[in-house]
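What follows is one structure encoded as structure tokens, with my remarks underneath.
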Amino acid sequence: FASVVLSGCAIIVRGQPRGGPPPERQINLSNIRAGALARRAAQGQPESKDTPDEPWAFQAREFLRKKLIGKEVCFTVEYKNMHREYGMVYLGKDTTGENIAESLVSEGLATVRREGFRGNNPEQARLCDLEDQSKASKKGLWSEGGGAQTIRNIKYTIENPRNFVDSLHQKPINAIIEHVRDGSVVRALLLPDYYLVTVMLSGVKCPTFKREADGTETPEPFAAEARFFTESRLLQRDVQIILESCPNQIILGTILHPNGNITELLLKEGFARCVDWSMAVYTQGAEKLRAAERSAKERKVRIWKDYVAPTANLDQKDRQFVAKVMQVVNADAMVVKLNSGEYKTIHLSSIRPPRNEGEEKNKDKDKRFRPLYDIPYMFEAREFLRKKLIGKKVRTTESHTNTPCVNQNEYLLSALVSKGLATVIRYRQDDDQRSSHYDELLAAEARAIKNGKGLHSKKEVPIHRVADISGETQKAKQFLPFLQRAGRSEAVVEYVFSGSRLKLYMPKETCLITFLLAGIECPRSSRNTPGGMQVAEPFSDEAMLFTKELVLQREVEVEVESMDKAGNFIGWLHIEGVNLSVALVENALSKVHFTAERSAYYKTLVAAEEGCRQRKEKIWANYEEKPVEEVVHLSEEKERVANYKPVYVTEITDTLHFYAQDVETGTSKLSLMETMRAEIAAQPPVEGSYSPRRGDYCIAKFADGEWYRARVEKVESPAKVHVFYIDYGNREVVSSTRLAPIPPAFSTRTLPVQATEYTFAFIQVPQDEDARADVVDCVVRDIQNTQCLLNVEYSGATCPHVTIQFGDTKEDVGLGLVKEGLVMVDVRKEKHLQKMVTEYLNSQESAKSARLNIWRYGDFRADDADEFGYSR
């Protein structure tokens with residue numbers, strides 16, 4: 001068989017293969033000469049130059065190539081010269097076939113060597129006759145013009161191989177395979193422009209010949225066999241080549257031949273293995289190559305003779321399942337819910353999410369490092385999967401890892417990779433544990449690199465400046481009015497802490513907030529407290545799971561109403577028309593909180609709660625309606641001594657302390673005070689003659705123009721002296737010019753202090769400034785400058801605690817404040833006071849039930865309300 005045509009007058013023949021590549025012989029056609037083909041300058045020798053074709057040399061070679069390659073030939077050797085064999089070659093099995101030398105001469109593609117001819121040799125004479133005929137017909141070499149147009153302009157190098165490959169747009173181009181270096185690397189002549197290029201087959205690699213230091217080549221196992229396999233099918237054949245890519249100046253392509261695809265054949269016969277790095281650019285269907293390689297592995301042929309298949313770690317029925325995506329953890333993992341209700345975390349096979357090479361350093365520098373927002377393209381990758389998958393059912397194929405796809409037509413991971421939002425993991429060549437769509441992923445990554453998408457972009461990486469105002473009270477206060485005015489705002493639920501506590505990402509505002517559901521009391525989960533681990537309340541886990549399934553990583557709308565003292569926002573959350581607070585109550589996983597009364601959703605919440613309560617579902621399972629207890633006013637016990645005395649209330653302070661004068665002893669003292677003022681009026685003090693000092697007793701001129709006894713409490717300056725009127729309990733800041741020494745006849749030794757400080761017994765004043773002001777205003781209105789009845793109940797740290805009655809109706813003033821819901825009860829433990837305490841507590845419960853004043857939103861001191869910013 002003719003395997004190679006070296007020139008118009010030299011060929012290489014090869015016998016039938018028997019157990020390996022067959023021997024070869026070069027036969028030079030005797031008595032004729034064809035033009036020499038072009039030769040490239042010797043590498044490393046600057047003085048050498050490229051040698052062009054001789055006229056009609058390439059046409060002579062092509063004539064023989066098309067006539068002989070792959071065909072059976074017969075040859076005779078006439079003589080040998082310098083290790084070369086010269087003879088005649090005939091097409092066919094014997095010498096009766098077409099004489100190749102004669103055909104060349106008759107076409108004018110070779111000249112006859114006439115020197116040394118013997119006149120009686122008929123073969124030589126026939127060649128001379130044929131040459132004469134060719135000359136007469138002006139064929140080939142004998143045509144006019146000298147044949148300059150037949151000389152090729154061969155291009156041995158390409159200045160920019162990548163641009164050259166891209167310019168062809170992966171269209172098949174005609175070519176001749178000129179040389180086979182090994183089974184998967186060939187030298188091809190591209191037509192019609194005569195580019196001589198080295199092409200490596202895309203997606204595969206055959207065993208190679210390693211060049212040693214001494215210049216010899218050592219073949220890897222099956223290297224020679226693989227080369228012969230390719231040579232016998234492609235060498236000097238007319239083919240079409242698709243040039244697919246050019247990474248690192250290496251041209252990758254696929255050779256198309258009418259008899260088949262050599263790439264697939266090499267794999268199927270065990271002469272090659274798939275390689276991932278170039279598989280991505282293969283355009284003829286990577287799955288075919290994988291199938292061919294798999295076939296060779298199963299048959300254990302050639303390079304796979306020692307192949308051992310990995311053991312399957314999953315039953316086929318467990319490899320595929322349908323599940324609902326509940327959460328996208330990042331770009332390569334997600335949590336799914338199986339049909340059985342079980343939750344499972346799956347990792348997407350063969351892809352790697354965006355990562356920050358300096359992540360560890362960043363963590364040291366900034367403890368608030370947030371991978372989702374701080375790693376370039378991590379947020380975009382997560383959002384791509386979240387928008388496509390959250391809440392949808394996916395068919396998942398599981399091997400060592402998992403590869404989810406939404407349906408058979410849309411493979412999301414390829415889209416993720418092609419957008420440059422993830423990279424493909426590179427495996428060891430013998431590692432088969434990879435995605436079943438691995439080649440699609442490689443192709444997608446190649447497209448992303450070529451188009452400069454995402455992680456492969458040369459542009460500046462996107463930066464997400466997300467402000468986390470969770471727990472930042474000051475920032476939250478500044479942000480609150482904006483959210484309140486915005487009405488319904490778009491948000492994405494990033495995390496669920498409990499049934500009613502979530503972390504939201506606000507895309508328009510680019511911030512993270514902690515959000516508490518308004519209007520409900522949700523069972524608490526277990527948590528660490530200073531006193532130890534607090535046990536979870538019943539149905540807390542169910543409530544959290546319900547909220548997760550409904551809203552986690554979903555796009556929602558929120559209405560912010562207020563915030564608590566910890567900087568958490570409180571409001572209503574809606575998802576697809578469903579109010580999450582109402583949904584929790586309807587599913588008996590939350591109770592209605594008193595704060596819901598002022599909202600538009602109150603009636604809906606109460607109706608939902610009532611239905612669950614009647615059905616005794618979940619948190620209402622042990623509910624029993626409590627009988628209404630009548631409030632009984634118990635009579636006083638004998639142990640308590642009620643000794644009321646008349647007093648005149650002169651002053652009430654902002655802390656609800658008050659000053660009173662004893663009416664029974666005050667009449668005689670009052671006459672002494674009148675005498676003092678008369679004396680001072682008769683002999684007025686000289687202005688500026690008195691220098692006040694802290695703690696001194698003096699007299700001060702009040703706004704009514706009269707002088708009263710006082711004590712100096714603070715001296716800021718001569719113009720600002722703080723005084724306390726000891727006989728009335730009020731305070732004032734006056735100028736020193738309105739002060740004078742107290743007359744000795746009216747000192748505190750002679751005339752004791754008239755106003756005594758008291759405070760209400762059994763009463764706890766609200767801490768809220770507005771509520772406390774309301775109480776003080778009420779007491780001032782009711783008892784200041786009036787005569788009342790006072791009884792000391794118990795002593796305190798600064799003053800006695802008393803009950804005080806109106807002078808006319810004898811009604812308890814403090815008890816009235818409790819009934820009006822203006823104050824809270826201070827529970828005393830003394831036994832003799834328990835009847836009194838009980839009466840106060842009953843009144844407090846009545847005020848609570850009626851939602852009066854401080855109780856208008858319910859019991860804000862309750863333990864279960866601290867998530868709304870209240871604490872006991």
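This one's a predicted model, so the numbers in the text were calculated from it and none came from an experiment.
- For F379, the ring pair (Phe, Tyr, Trp, His ring centres under 6.0 Å) partners at least two apart in sequence or on another chain are Y373, H464, Y505.
- A heavy-atom distance below 4.5 Å is not found between the side chains of W620 and R615.
- When only modelled atom types and interatomic distance are considered, H574 and E559 share a side-chain donor-acceptor pair under 3.5 Å.
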What's the verdict on side chain to side chain contact (heavy atoms under 4.5 Å, CB included) for V496 and M544, showing C-alpha distance, side-chain angles and the deciding distance?
-> CA-CA 7 Å; V496 176; M544 182 166 71; 4.0 Å; yes
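- Taking both residues in full, the closest heavy atoms of W855 and A847 are given as CD1-CB, 3.7 Å, listed atom of the first, atom of the second, then distance.
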Worked verdict on N853 versus D774 for side chain to side chain contact (heavy atoms under 4.5 Å, CB included) | CA-CA 9 Å; N853 292 304; D774 290 342; 5.6 Å; no
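- No side-chain heavy atom of S489 sits under 4.5 Å from any side-chain heavy atom of V560.
- The closest side-chain heavy-atom distance from M334 to V394 is not below 4.5 Å.
- Expressed to the nearest 0.5 Å, how far CD of E555 lies from CD1 of I575 amounts to 9.5 Å.
- Y282 pairs with exactly one of V204, L289, L442 by the side chain to side chain contact (heavy atoms under 4.5 Å, CB included) rule, that one being L289.
- Distance check, rounded to the nearest 0.5 Å: CZ of R447 to OG of S418 gives 5.5 Å.
- Counting heavy atoms from C-beta outward, L504 and L573 have side chains that approach closer than 4.5 Å.
- A side-chain donor-acceptor contact under 3.5 Å links Q484 to the backbone of E561.
- Here R382 contributes atom CZ and L421 contributes atom CG; the two are 12.5 Å apart, rounded to the nearest 0.5 Å.
- Proximity of K565 to T473: side-chain heavy atoms (C-beta onward) are nowhere separated by under 4.5 Å.
- The two atoms that bring E293 and C274 nearest to each other are OE2-N, 2.8 Å, heavy atoms only.
- Scanning both residues, M506 and A491, for their nearest heavy atoms gives SD-CB, 3.6 Å.
- There is no side-chain donor-acceptor pair under 3.5 Å between Q478 and Q474.
- Here the closest non-hydrogen pair linking C522 and E537 is O-OE1, 4.4 Å.
- Checking side-chain atoms of R426 against main-chain N and O of V424 turns up a donor-acceptor pair under 3.5 Å.
- Using a 4.5 Å cut-off on side-chain heavy atoms (C-beta onward), L372 and E494 make contact.
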Begin with the C-alpha distance, continue with both residues' side-chain angles, and end with the deciding distance and a verdict on salt bridge (Lys or Arg N to Asp or Glu O under 4.0 Å) for E845 and K848.
-> CA-CA 5 Å; E845 290 303 315; K848 279 187 192 178; 3.6 Å; yes
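- Counting only distance, with no hydrogens or angles, the side chain of N568 and the backbone of D564 share no donor-acceptor pair below 3.5 Å.
- Closest non-hydrogen pair, L517 versus G499, comes out as CD1-O, 3.6 Å.
- Of the N and O atoms on the side chains of Y343 and E549, at least one donor lies less than 3.5 Å from an acceptor on the other residue.
- The backbone N or O of D770 sits less than 3.5 Å from a side-chain atom of D768, completing a donor-acceptor pair.
- Put simply, the side chain of L441 reaches to within 4.5 Å of the side chain of S414, judged on heavy atoms.
- At least one side-chain heavy atom of T423 sits less than 4.5 Å from a side-chain heavy atom of H456.
- Between the side chain of Y377 and the backbone N or O of G454, at least one donor-acceptor pair lies under 3.5 Å.
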Tell me which donor-acceptor pairs under 3.5 Å the side chains of residues 579-592 have, and how far apart each pair is, sequence neighbours excluded?
from : atom 1 : to   : atom 2 : distance (Å)
N579 : OD1    : S581 : N      : 3.0
S581 : OG     : A518 : O      : 3.0
N587 : ND2    : A583 : O      : 2.7

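- Residue E490 places its CD atom among 12 or fewer non-hydrogen atoms of other residues, nucleotides or ligands, all under 6.0 Å distant.
- Considering T514, I469, L516 as possible partners of F569, the one that fulfils the side chain to side chain contact (heavy atoms under 4.5 Å, CB included) test is I469.
- Taking both residues in full, the closest heavy atoms of M279 and A286 are given as SD-CB, 3.7 Å, listed atom of the first, atom of the second, then distance.
- Distance CH2/W572 to CZ/R488: 11.5 Å, rounded to 0.5 Å.
- Atom NZ of K618 is surrounded by more than 12 heavy atoms from other residues, nucleotides or ligands within 6.0 Å.
- A donor-acceptor pair is defined here as one N or O able to donate and one able to accept, closer than 3.5 Å; such a pair exists between the side chain of Q553 and the backbone of V328.
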Test R290 against E287 for salt bridge (Lys or Arg N to Asp or Glu O under 4.0 Å), laying out the working first.
-> CA-CA 5 Å; R290 298 288 183 188; E287 66 281 354; over 6 Å; no
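- Side-chain contact of Q170 with T283: a donor-acceptor pair under 3.5 Å is absent, judged by distance alone.
- Here the NZ-CE distance, from K548 to M326, works out to 9.5 Å after rounding to the nearest 0.5 Å.
- Here the straight-line distance linking atom OG of S470 with atom CZ of F515 works out to 12.5 Å at 0.5 Å rounding.
- In this structure, R613 pairs ionically with E610, as a charged nitrogen and a carboxylate oxygen lie closer than 4.0 Å.
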